[in-house]
Engineer: 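The structure under discussion is supplied below as structure tokens; questions concerning it will follow.
Positions are given from 1, in the same order as the sequence printed here. Just so you know, ligand 1 is whichever comes first in the structure, and atom 1 is the first atom listed for that ligand. Everything numeric in this text was worked out from a predicted model, so none of it was measured.
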Amino acid sequence: MSVAKLIVGNWKMNGLLDDSRTRAQELADAARNHKSADFEMVLCPPAPLIAMVGDIVKDTDIKWGAQDCHEQVSGAHTGDISAQMLKDLGCSYVILGHSERRQNHGETSAQVNAKAQAAQAAGLIAIICIGETDAQRSAGKADEVVTEQLRASVPETATPENTVIAYEPIWAIGTGKTASADDIRHMHALIRAKASEKVKNGAWLKLLYGGSVKQGNAGEILHIANVDGVLVGGASLKSGEFWGIAQASAEGKALSA
Ligand code: 13P
């Protein structure tokens, strides 16, 4: 199992053909010129851009993925996209249960669980997102909420090869407020312990932190115990900044050595 840090860019609903092409080309050039065993980079563009982005980065070490999939293989599901379709487009990963989907589309942990099974069955790696709201944290319920989301969202079929878990405290997403190193350390240790009860070889499961990660804080975050990578929103839209975040994996390695 690789110890490379997983650096995932979630472009969310941002980008048109031109700017996305440029961003993907800049990252592909960087990846060609600076091969690194310290990280694996994944780009998750909006669905209409996946094919183009995949085509641009396919001859590099950069992988690509999607931001959601449906739990069924095919059928009468207008507007939805199946895991098989994503696999067909060369995707390796799919983000599932992001808080924006849970909040804006009413996605439940049971649905996320079903989607993760569909993703795994199609040969994709499911990046399952969990995280508490500000109100839940203030009420002292962060551990309870995250533990329950983990229990209900991660399927029995999960293995370190087909599943990644991303801890994204909702109050830290797009706010510039990053969770403290102590909070991240605590929550990732909890997630590791709980996930290991359910997933065989859970010690190898990749756990990502997400929420206002940028070049300036990535080195510190990637150095925290049980942080195997980061899920980046806003800062993944600037190729130089995102590449800088990936470069910080080497910094993290040096610090923890
Ligand atoms: P920001 O990096 O913009 O805070 O977004 C985090 C996120 O939601 C990634 O999935």
Side-chain angles (χ1 to χ4, degrees), residues 5-15 19-20 23 27 39-47 49-50 53 63-69 86 91-105 107 109 112 115-116 119 124-134 136-137 142 145-146 149-150 153 163-181 183-184 187-188 191 206-222 224 227-249:
K5 300 288 186 186
L6 189 58
I7 311 294
V8 185
N10 175 8
W11 293 5
K12 307 194 179 184
M13 197 174 72
N14 294 294
D19 57 308
S20 303
R23 185 182 312 128
L27 289 167
F39 63 85
E40 175 168 288
M41 180 174 278
V42 183
L43 307 181
C44 296
L49 301 172
I50 292 173
V53 168
K63 303 278 197 300
W64 62 98
Q67 301 172 13
D68 180 40
C69 73
L86 299 175
C91 288
S92 300
Y93 291 84
V94 59
I95 298 169
L96 295 172
H98 191 282
S99 59
E100 286 149 18
R101 295 212 56 88
R102 290 180 189 261
Q103 289 187 327
N104 304 339
H105 298 267
E107 271 188 23
S109 290
V112 176
K115 288 178 179 207
L124 295 173
I125 300 171
I127 302 176
I128 300 176
C129 302
I130 53 179
E132 80 286 357
T133 64
D134 204 5
Q136 288 164 335
R137 174 160 286 267
V145 167
V146 165
Q149 283 182 342
L150 190 66
S153 307
T163 304
V164 169
I165 294 170
Y167 170 57
E168 296 205 306
I170 295 170
W171 48 272
I173 295 177
T175 58
K177 273 196 272 176
T178 317
S180 72
D183 287 342
I184 298 174
M187 200 56 95
H188 277 240
I191 294 169
K206 287 209 161 172
L207 308 184
L208 311 184
Y209 168 79
S212 296
V213 175
K214 43 189 186 288
Q215 194 170 349
N217 60 22
E220 186 192 0
I221 293 170
L222 285 163
I224 298 169
V227 174
D228 305 302
V230 284
L231 180 52
V232 186
S236 74
L237 297 173
K238 294 175 220 133
S239 54
E241 171 97 12
F242 190 53
W243 187 257
I245 290 172
Q247 292 291 303
S249 359

Engineer: Return the set of residues passing side chain to side chain donor-acceptor pair (under 3.5 Å) with Thr163 (not counting sequence neighbours), or none when no residue passes.
Structural biologist: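 Partners of Thr163 under the side chain to side chain donor-acceptor pair (under 3.5 Å) test: Gln120.
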
Engineer: For Asp19, enumerate each residue passing the side-chain contact (heavy atoms from CB on, under 4.5 Å) test, keeping only those at least two apart in sequence or located in another chain.
Structural biologist: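 Applying side-chain contact (heavy atoms from CB on, under 4.5 Å) to Asp19 gives Leu16, Arg23.
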
Engineer: Determine whether the aromatic ring centres of residues Phe242 and Trp11 are separated by less than 6.0 angstrom.
Structural biologist: no

Engineer: Using modelled atom types and a 3.5 Å cut-off, is there a donor and acceptor pairing between side-chain atoms of Ser153 and backbone atoms of Leu150?
Structural biologist: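 Here the side-chain-to-backbone pair does not exist.
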
Engineer: Tell me every residue that passes side-chain contact (heavy atoms from CB on, under 4.5 Å) with Ala179, counting only those two or more places apart in sequence or in another chain.
Structural biologist: Pro169, Trp171, Asp183, Ile184, Tyr209

Engineer: Will you find, in the side chains of His98 and Gln67, an N or O donor that is under 3.5 Å from an N or O acceptor?
Structural biologist: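 The answer is no; no qualifying pair exists.
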
Engineer: Give every pair made of an N or O atom of ligand 1 and a protein N or O atom lying under 3.5 Å apart, one pair per line with both atom names and the distance to 0.1 Å, or write 'none'.
Structural biologist:
residue: ligand 1; atom: 2 (O); partner: Gly233; partner atom: N; Å: 2.9
residue: ligand 1; atom: 3 (O); partner: Gly234; partner atom: N; Å: 2.8
residue: ligand 1; atom: 4 (O); partner: Gly174; partner atom: N; Å: 2.6
residue: ligand 1; atom: 4 (O); partner: Ser212; partner atom: N; Å: 2.8
residue: ligand 1; atom: 5 (O); partner: Lys12; partner atom: NZ; Å: 3.3
residue: ligand 1; atom: 8 (O); partner: Lys12; partner atom: NZ; Å: 2.7
residue: ligand 1; atom: 8 (O); partner: His98; partner atom: NE2; Å: 2.8
residue: ligand 1; atom: 8 (O); partner: Glu168; partner atom: OE1; Å: 3.4
residue: ligand 1; atom: 10 (O); partner: Asn10; partner atom: ND2; Å: 3.0
residue: ligand 1; atom: 10 (O); partner: His98; partner atom: NE2; Å: 2.9
residue: ligand 1; atom: 10 (O); partner: Glu168; partner atom: OE1; Å: 3.2
residue: ligand 1; atom: 10 (O); partner: Glu168; partner atom: OE2; Å: 2.9

